[in-house]
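We count ligands from 1, going down the list as the structure has it; atoms in each ligand are counted the same way. Predicted, not measured: the structure shown is a model, and the values here were computed from it.
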Amino acid sequence: MKKRVAALISGRGSNMTSLIAAAKDPAFPAQIALVLSNRPDAAGLETARREGIEAVALDHKAYATREEFERAMQEVLLAHNIDIVCLAGFMRLLTPWFVEQWSGKMLNIHPALLPLYKGLHTHERALADGVKLHGATVHFVVPGMDEGPIIAQAAVPVLSADTPETLGARVLQQEHKLYPLALRLLAAGALQIDGARVLITKESATTGALISPDL
Ligand code: GAR
């Protein structure tokens, strides 16, 4: 039985689209059963509907409190028998109550090599610090923002001519590979949380390093 996944979005939903594409593989252990947005104007809603996936907008502004909004989300998720929640550019902070409901079953993708650059404007901040490697992280969601056991990371070089836009585009390309990989591992039961670490079964041992600059 494939795991039923909800992708939570707030905008264009390119990571959601990468999950939908990956799940088309009959061997992929999960299906994207629902797309949920806190913004009715999120472009990703239309993309999902074009793919034949149910897409629901719950405007957070229509709820008096964060808790009420989250209870409404939880109802929709339960009504669709969702097993796994993937935050895919979902730009609302979640309360500990909601996070607890999905403990070990909710993933987030963040455009930085966590624990560096939590929060916003990650590409600007990486450039300002002069780091030579930047990237993306998929992690389990815990109550702290952009915290939680790390499942997978992708590193990219930072090039001399980079702007936040070019660097962000290079990172985003990797996000689209990384999120399906992490979801596949979770849905296949290949992940074990061990304190701050995620242990991965059937890991192959590679020792290659990404060195930047690569001269
Ligand atoms: C992605 O780059 C994602 O990593 C980031 O928002 C973008 C959403 O793009 N998420 C965060 O910053 C969460 N802290 P998308 O809507 O095209 O997937």
re atom 16 (O) of ligand 1, the protein heavy-atom contact at minimum distance is Gly13 N, 2.8 Å
Counting each atom of ligand 1 from 1 as listed, which ones have a heavy atom of Gly89 under 4.0 Å away?
6 (O), 8 (C)
Below 4.0 Å from ligand 1: does a non-hydrogen atom of Ile9 turn up there or not?
no
Hey, what's the ring geometry for His60 with Phe69, parallel, tilted or perpendicular (30° and 60° as the breaks)?
perpendicular
Check against side chain to side chain contact (heavy atoms under 4.5 Å, CB included), Ile200 and Leu191
CA-CA 5 Å; Ile200 301 173; Leu191 303 180; 3.7 Å; yes
I'd like to know if Lys118 contacts ligand 1, where contact means a heavy-atom distance under 4.0 Å to any ligand atom.
no
Could you verify whether a donor N or O on one side chain and an acceptor N or O on the other, from His176 and Ser14, lie under 3.5 Å apart?
yes
Please walk me through it: do Leu186 and Lys3 pass side chain to side chain contact (heavy atoms under 4.5 Å, CB included)?
CA-CA 10 Å; Leu186 176 62; Lys3 298 285 185 195; over 6 Å; no
Protein contact to atom 13 (C) of ligand 1 [nearest heavy atom, distance to 0.1 Å]:
Ile109 O, 3.8 Å
Can you report which non-hydrogen protein atom sits closest to atom 3 (C) of ligand 1, along with the distance?
Glu175 OE1, 3.3 Å
Side chain of Lys2, backbone of Ala187: donor and acceptor closer than 3.5 Å?
no
Please write down residue, atom name and distance for the protein heavy atom closest to atom 9 (O) of ligand 1.
Arg12 NH2, 3.3 Å
Hey, is Asp146 touching ligand 1 through its side chain, its backbone, both or neither, going by heavy atoms under 4.0 Å?
side chain
Measure the distance from atom 11 (C) of ligand 1 to every protein heavy atom, then report the residue, atom name and distance (to 0.1 Å) of the closest one.
Pro111 CD, 3.6 Å
His134 and His123: side chain donor to acceptor below 3.5 Å:
yes
Run Arg71 and Glu68 through salt bridge (charged side-chain N to carboxylate O under 4.0 Å, His left out) and show every step you take.
CA-CA 5 Å; Arg71 275 200 295 274; Glu68 276 178 44; 5.1 Å; no
In this structure, atom 14 (N) of ligand 1 is nearest to the protein heavy atom His110 ND1, 3.2 Å
